[in-house]
Amino acid sequence: MESVRIDKYLWSIRAFKTRSEATQACKGGKVRVNGNDVKASKELKVGDVISVRKGLVTYTYQVTELVEKRQGAKNVAQFAENLTPAEELNKLVRPVETLVFQRDPGSGRPTKKDRRQLDAALSDFYDSFDE
């Protein structure tokens with residue numbers, strides 16, 4: 001086997017649950033091979049570097065061996081080397097803060113002043129993450 005389609009390969013190494021999800025990710029510009037956006041029909045070769053953006057994290061894999069059939073989780077390491085940096089994986093364990101704003105029942109719609117106060121509180125909250 002000299003080459004395999006990217007959508008089939010990503011499905012085979014369990015990067016996506018279904019092949020159609022892998023195809024949609026390619027169409028949506030979430031998959032890159034060697035730094036270039038690709039279509040689902042792109043043929044992969046051994047040594048290609050694949051970047052897959054799923055949510056906040058961009059996973060990076062290097063093709064070590066080509067495969068067309070879905071593999072068990074234990075076998076994935078022989079077909080793809082995971083090159084994802086630790087900073088990307090740390091985004092998965094980032095603490096999640098939840099804000100709850102509660103208004104008294106029957107108090108009606110927020111006034112313009114209420115809305116400005118709410119926007120200011122949210123702005124302060126999100127700015128605290130950037131520091």
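By the neighbour-count criterion of 12 heavy atoms within 6.0 Å, atom NZ of Lys39 is sparsely surrounded, having that number or fewer from other residues, nucleotides or ligands. By the neighbour-count criterion of 12 heavy atoms within 6.0 Å, atom CZ of Arg70 is densely surrounded, having more than that number from other residues, nucleotides or ligands.
Contact annotation: the side chain of Tyr59 approaches that of Leu89 to within less than 4.5 Å [non-hydrogen atoms, C-beta and beyond]. Within the 4.5 Å cutoff, the side chain of Ile50 has heavy atoms near those of the Leu10 side chain. Side-chain contact between Arg19 and Lys8 is present, with at least one heavy-atom pair separated by less than 4.5 Å. Residues Tyr9 and Val63 form a side-chain contact, since some pair of their non-hydrogen atoms from C-beta on lies under 4.5 Å apart. Looking at Val67 and Val4, their side chains never come closer than 4.5 Å, going by heavy atoms from C-beta outward.
Put simply, CG on Leu44 and CG on Asn34 are 8.5 Å apart, with the number rounded to the nearest 0.5 Å. In this structure, CD on Gln62 lies 5.5 Å from CG on Leu83, to the nearest 0.5 angstrom.
The main-chain N or O of Thr58 is found under 3.5 Å from a side-chain atom of Glu88 such that the two form a donor-acceptor pair. Between the side chain of Lys54 and the main chain of Ala15, a donor-acceptor pair closer than 3.5 Å is present. A donor-acceptor pair is defined here as one N or O able to donate and one able to accept, closer than 3.5 Å; no such pair exists between the side chain of Arg14 and the backbone of Val76. Side chain of Thr84 to main chain of Thr60: a donor-acceptor pair is present (N/O by atom type, distance under 3.5 Å, no hydrogens or angles).
Counting all heavy atoms, side chain and backbone alike, Asp48 lies closest to Lys45 at OD2-N, 2.9 Å. Across Gln71 and Phe79, no two heavy atoms sit closer than the pair OE1-CE1, 3.3 Å. The minimum heavy-atom distance linking Gln78 with Thr64 is given by the pair O-OG1, 3.0 Å. The minimum heavy-atom distance linking Glu68 with Ser12 is given by the pair O-OG, 3.1 Å. In plain terms, the two heavy atoms of Cys26 and Ile6 that are nearest each other are SG-CG2, 3.9 Å. Here the closest heavy-atom approach between residue Val52 and residue Tyr61 is recorded as CG2-CE1, 4.3 Å.
In this structure, Arg103 pairs ionically with Asp114, as a charged nitrogen and a carboxylate oxygen lie closer than 4.0 Å.
Under a hydrophobic-cluster definition in which Ile, Leu, Val, Met, Phe, Trp and Tyr are linked whenever side-chain heavy atoms come within less than 4.5 Å, directly or via other members, Ile13 and Val49 are assigned to different clusters.
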